Structure formats: structure tokens, C-alpha cells
Visitor: 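The structure under discussion is supplied below as C-alpha cells; questions concerning it will follow.
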Amino acid sequence: MKPITTILDERISAAIASVTGATDCPALIIPAKNSQFGDYQANGVMAAAKKAKTNPRELAQKIVDALEIDDICEPPEIAGPGFINLRLKDEFLANRLLEVNSDTDRLGIDKADNPQTVVVDYSGPNIAKQMHVGHLRSTIIGDCISRMIEFEGHTVIRQNHIGDWGTQFGMLIALLKEQYPHIIENPDAVEIADLEGFYQAAKAKSDNDEAFAKTARDEVVKLHNHDKDTMAVWGHIVDESRKHYLPIYQQLSVTLQANDERGESFYADKLADVVETLKEQALATESDGAMCVFPPGFQNKEGNPLPFIIQKSDGAFLYATTDLAALRFRINELKADKVIYVTDARQAQHFNMLFETVKMAGWTNDEIDLMHVTFGTMLGTDGKPFKTRTGGTVKLKDLLNEAVERATTVVEEKNPDLPADQKQEIAKAVGIGAVKYADYSNNRNSDFIFSFDKMLAMEGNTAPYMQYAYARIKSIERKASKKDVDIQNELSGIKSLTFTDEAEKDLAKMLIRYDQAIFGAAAECRPNYLTGYLYDLAQAFSRFYNACPVLKADDTQRPVRLLLCDLTARTIKHGLTQLLGIDVVEQM
RNA sequence: GCGCUCGUAGCUCAGUAGGAUAGAGCAUUGGUUUCCUAAACCAAAGGUCACAGGUUCGAAUCCUGUCGGGCGUACCA
């Protein structure tokens, strides 16, 4: 279905063109800022009047006179300096709602006309270490972006650019070989429960033991030469690390799979060629012994050109080199039309230089959209970077477990009589949902203060608020049979709708706006646009629920209300589970 | 120094191309439960959108400057 704003925009833009002759004056339709102004407003008339050098209110009148829109709206009103205010006709709203309602899979949202291939790079844990809170934002924001773009009908290629290569693996391999001499023959027999602890031990040993440090360096060389024994141990480390982070993805309902991994190791043998190519193009030059590209517009503290270093003076490659190789791969091999990097804002300069270098090298073109989706830092309630009480890094596993524990307490309090396994299911959905939602609902560019108390207060714009709205609808459905209401029968019998209460109409108007919420959120990679919509929807439902009895309504009102309930539940469920990866529960 | 980013109610935050009287939640005050889940609903109060200029019919939003916070700025990722 064509979005309402698009329909209105086309009609009014056409009217503007017919009156002024200008075809470059869009109507600028948005949902009305204030309900007293109707349902939608056109903001474009003032700009059009300026271009045509006429009085905006007079122009608005001419546009309204030329406008053919009475199949959709009540007679438009002109207000203020030249706004055109539009109010949907009940009949149009009702038909639109029926149409959305009948589309079980996509809720009236068409797939993209021109599907693209979109590479989304997110999460990217360093596998020698546990996932900590720093990985949370990239992981879940990237996941939401992937889900939204995929739902729009594009082909999404998820890339988990894991840190699985480099000097730290030399140390790990050296220590493993030392402690488990048989690891080469039978790596699977060696279980590394605490990979990070093991890594810390290896690092400490390397700092204090010169012989060990040399062995570790030798292992790095062997790694680069794909020495069979060393690779076997390395492969085992990667396997073991997967046991740590895949369950966390599962717990978070993040869609990343093992086969989305394309880590640094994958690009290791492509790095020399990256440097060679850039040298041949005379883009890479030597400076202080390092191979550097100098994209214009960047400078260092001394005011000199800032290098994008692609090879260290000792010959080693860096993450800039790997990112160059990865981006070239994504464009050439994965055929990306768009590449989205989801990392924190501190890396903005790095990605600007990366994109600039790739443009200079001619590896990309104007058709390909390279996008760095940034986000701010997660802070503690003291406004400083989020740490444990003792000042350590907060492990993601611990944080998620605490969220579920706290949610368990709330469930016990609110609903002590439910079966234990159901309480556990609710606590999991609420706890994890609250953590994810708190992140999604913020503007991702802001630093945000992580507070269990705030997110699990479960009031306001939080996941539990929406989960609760959903559960209340499910409760109505459960109660229906006891009151001799056959929901399926009533719903399927609906041929037309008549609204009898403002709360019904307000809810209906929210329900037909889901498409816009998704388009806006996906286009700008801003999950908070989607959560904002879902919150508005849940609020509209809560008001409706409060004002309009459903099961007790009479035969003329009940089918409409049942439909509103059913579609609200489906929309909330779709938004939460399909796009945000947050579970809903039947009861809470 | 240069660059990026932020500064909105007591607190935590929204504010989707420059649009109308700047919005939520928490906290505060008051109201709603013989009724489908009160994890809810309704209402009141709360603002110099850091500050100063500018652009224009109109600025939290764009430009310039100032102040303040965070981050980045040559071989970590």
C-alpha cells in the first residue's frame, strides 16, 4: 500500500504545481503536531509562496481550491501563516484500517521497488576477550538496522568483523601449547572455560618472561605462514570463543550467526596487495618509515597532514589495512550497494579517512553508499564510563543476568501465582527487553546513562510498557470464550467499520502509520524513531483500553474494538519481535 | 591548535527537511479500580532550548562568535 503521507504529498504537490507552475515545491506532509490541527499538515505552502513571491495564505487558498482530495479528507483548513490542515474522513480511515488489517504478513507495507544489497558490519567482538558492555550498542543497534532494512525487502549481508588475528593470538597459542602439550593432536579435548582470563595470563607472562615473549612472536609468524600446527590451535581458540559469544547473541535475540563471521583473519592474506595497489597508484607514500595515505582535510596536532597508516615501520599491517581490504571485498565480491558500519563515534575520523582513501583509489563510486552509523558512550549513573563498583569492565553476561534477576523480582511481586517457568519466561523477556529497549529508545548519537533502576522501572517509554499492552490484549482474547464471544467469527464477519469513540479513531490513526515509522527509522538508521512510534501506539491503546470496554461492548461496537485490539497486538508484536528482537509474552 | 560531537523542565531523555502554544517519563500535587491485568488511565505544576549576534514571514534546529562537557588527532582497534 502506498503510504498516506505519500498520497497526500502527491495530491498537494500537484496542486501546488498547478497553481504556481513550480514543480520543485513539495507539500511537506507530516502527522499533525497537535491534534487540534487535524491528522496531517502540509508545511510546504509557505516556501512555495516565497518562491512564487505571493502571499502564503492566499496561495494556500488557491491550492485548497485546486485540490481534489475529498475521497480522503474532510475539507482542508488553512491556518496560521499558511498551513494546510487535513483531517481524514472516517470512511477513509476505516477502509485503510481494514486494508492494513487484512495483510497478515506485512501490515500493509510494500517491499522496496529496487532491492539493494546492503552490508551491515556490527558487533565485532575481540574473541580473546569476553563481550563487555562496550559491545552491546554496536551489537543491538546493528541488529535492528539489519532487521529493518531486510524487512523493507533489501538483501542484507551481515558481517561480524571479529578480532581473531594479531599479536594477542601469538601469546594465546604459545601459552596453550605450553600448558597443553597434546593440544595439537587433539585440540577439542582442551576446553578453555575462561578465555579472557587465559589471555590475561598469557599477556602477563609475555610481559615478564622474555623467552615466552619470543615464542609468542614466533607463533605470530607461524600464524601468518599458516603453519599447520599453529593454525590447528588457532582454530580451536576461535571455536571456543564462539561458545562464549553465540549464547549471548541468542540471549539478546540478535540475528548474527556463526556464518556471519568474517573476521580479521579472513583478510590477512589480502593486506599486502592492498598496500601494493595503493603504492602503485602513488597514493601510499613512506613517512617516518610507515606507509601512509594522506587524504586531504585531516591534520594532526602540529597542523601537518594526518596520515592514514596502512603499514607500520616494522612492516606489520594495521586495522586501517584490514578495513581497506574488507571494504574492497564488500564492494567487489559481495556486490554491496551500501555498506553500513556500526561502531562508536570515536572511530568517526578513522572511517572518514577510510572512505576518503577508497574513493581516491577508485575502489568505490558515487552509486555506492558508505555509511558510518555512530553511537555515543554508555555511562554509569555518575556520568563517567560505565564500570563495575570496583572499577572493572562490566561483562555483558553479568549485566544481562542482573537484568533478568531484577525483572524476576518484579514478576514475583506483581504476579506471584503464575507457574515458575512462566515467571522465568516473563522475567527473561522483560529484563532483556528493558536493556535493549533503553538503548534503542535513545538517540544513538547521545551518550547514555545506563541505569537498571530507570529501565526496569517499567514505566514510561520502556519495553515492559509495550509488553504489558500486548499482554492485556491477549488477556481479552483468553477471556472471550468465557463470555461467549467468538473472536475469529466476529473478525471475519467485518465488512465495514464505524467508529463510535474518539479513542477508537485515535488508535486507528496510529495503526495506519506504522509504515512511516519503519521508513524513517530505516532510512536514517535510527531505531528510536521506531520505539517512539511504538510508544505512541501503546499509549493510544492504553487510552482506548481505559475508555472502551471490548467484550462488554454491544454487538455493533464489539467487532470494531476486537479488530483494533487484534491489529494493535500484531503491530506491537511485529515491531518488538521482528524489528527490535524483543520478546512479547502472553501474560505478565 | 585542528576536527567530530553534545549542552532542551529538579532528574533521564525525545524533538524525523526551518513551521503553529518546545514534548514524554520519573520525581511532586490531586483524581480514577462493584468494570476485559492499576506494570494502567486522567489532570495540575514545572522551560531564557548554555550565552551573544546574524539569516527570514518563522530558529531548539541553519550561519558566526563565546563559554562548558565528551571524544579523536602517526605507527592500538
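Convention: sequence-line order gives letters A, B, ...; per-chain numbering from 1. Note that this is a predicted model, so its numbers are computed, not measured.
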Visitor: Could you tell me whether A:Lys301 contacts a base, only the sugar-phosphate backbone, or nothing, with contacts defined as non-hydrogen atoms closer than 4.0 Å?
Guide: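 Base, at least one base atom sits under 4.0 Å.
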Visitor: Would you kindly check whether a donor in the side chain of A:Tyr468 faces an acceptor in the base of B:A39, or vice versa, at under 3.5 angstrom?
Guide: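 Between B:A39 and A:Tyr468, which were checked side chain against base, a qualifying N/O pair under 3.5 Å is absent.
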Visitor: Looking at every strand, decide which applies to A:Ser446 at a 4.0 Å heavy-atom threshold: base, sugar-phosphate, or nothing.
Guide: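 Sugar-phosphate: the residue A:Ser446, judged by heavy atoms under 4.0 Å, touches backbone atoms but no base.
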Visitor: Remember a base hit wins even if backbone is also touched, and classify A:Leu551 as base, sugar-phosphate or nothing at under 4.0 Å, heavy atoms.
Guide: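 It contacts base atoms.
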Visitor: Measure from the side-chain heavy atoms of A:Lys483 and tell me the nearest of B:C4, B:A20, B:C36.
Guide: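 Closest of the options to the side chain of A:Lys483: B:C36.
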Visitor: Just call it for A:Gln41: base, sugar-phosphate, or nothing, with non-hydrogen atoms closer than 4.0 Å on any strand.
Guide: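 Contact class for A:Gln41: base.
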Visitor: Looking just at side-chain N and O atoms, do A:Gln41 and A:Asn43 make a donor-acceptor pair shorter than 3.5 Å?
Guide: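 Yes.
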Visitor: Report which part of the nucleic acid A:Gln168 touches: base, sugar-phosphate, or nothing (heavy-atom distance under 4.0 Å, all strands).
Guide: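 Touches nothing.
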Visitor: Which part of the nucleic acid does A:Ala79 contact within heavy-atom distance under 4.0 Å: base, sugar-phosphate only, or nothing?
Guide: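 Base: the residue A:Ala79, judged by heavy atoms under 4.0 Å, touches a nucleobase.
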Visitor: Heavy atoms only, 4.0 Å cut-off, all strands: where does A:Ala547 land among base, sugar-phosphate and nothing?
Guide: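 Nothing, no heavy atom under 4.0 Å.
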Visitor: Can you tell me whether the side chain of A:Asn85 and the base of B:A20 have a donor-acceptor pair closer than 3.5 Å?
Guide: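 Flag set: donor-acceptor pair detected.
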Visitor: Ignoring hydrogens and angles, does a donor from either the side chain of A:Ser441 or the base of B:A14 sit under 3.5 Å from an acceptor on the other?
Guide: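 There is none.
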Visitor: Is a donor-acceptor pair below 3.5 Å formed from side chain A:Gln349 to base B:U5, judging by atom type as modelled?
Guide: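 Under the 3.5 Å cut-off, the side chain and the base do not form any donor-acceptor pair.
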Visitor: What is the nucleic acid contact for A:Met291, judged by heavy atoms within less than 4.0 Å: base, sugar-phosphate only, or nothing?
Guide: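 Since no nucleic acid heavy atom lies under 4.0 Å of A:Met291, the category is nothing.
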Visitor: Describe, in one word, how the ring planes of A:Trp165 and A:His224 are oriented to each other, choosing from parallel (under 30°), tilted (30 to 60°) and perpendicular (over 60°).
Guide: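 If you compare the ring of A:Trp165 with that of A:His224, the planes turn out perpendicular.
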Visitor: Any idea which of B:A77, B:C36, B:A39 is nearest the A:Val410 side chain?
Guide: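 For the A:Val410 side chain, the nearest candidate turns out to be B:A39.
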Visitor: At under 4.0 Å between heavy atoms, what does A:Asn528 touch on the DNA or RNA strands: base, sugar-phosphate, or nothing?
Guide: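 Sugar-phosphate contact only - A:Asn528 comes under 4.0 Å of backbone atoms but never of a base.
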Visitor: If we require ring centres under 5.5 Å and near-parallel planes under 30°, does A:Tyr545 stack on B:A40?
Guide: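 Stacking between A:Tyr545 and B:A40: absent.
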Visitor: Considering every strand and a 4.0 Å limit on heavy-atom distances, what is the contact class for A:Ala290: base, sugar-phosphate, or nothing?
Guide: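 Result for A:Ala290 = base.
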Visitor: Using a heavy-atom cut-off of under 4.0 Å over every strand shown, decide if A:Ser542 touches base, sugar-phosphate, or nothing.
Guide: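 It contacts sugar-phosphate atoms only.
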Visitor: Could you say whether the aromatic ring of A:Tyr319 and the base of B:C76 stack, counting only centre distances under 5.5 Å and plane angles under 30°?
Guide: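 Stack criterion not met.
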Visitor: With hydrogens left out and only the distance checked, is there a donor-acceptor pair under 3.5 Å joining A:Asn443's side chain and the base of B:A14?
Guide: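 Per atom types, no contact qualifies.
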Visitor: Are A:Asp566 and A:Arg570 within salt-bridge range, i.e. N to O under 4.0 Å?
Guide: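 A salt bridge is present here (some side-chain N lies under 4.0 Å from a carboxylate O).
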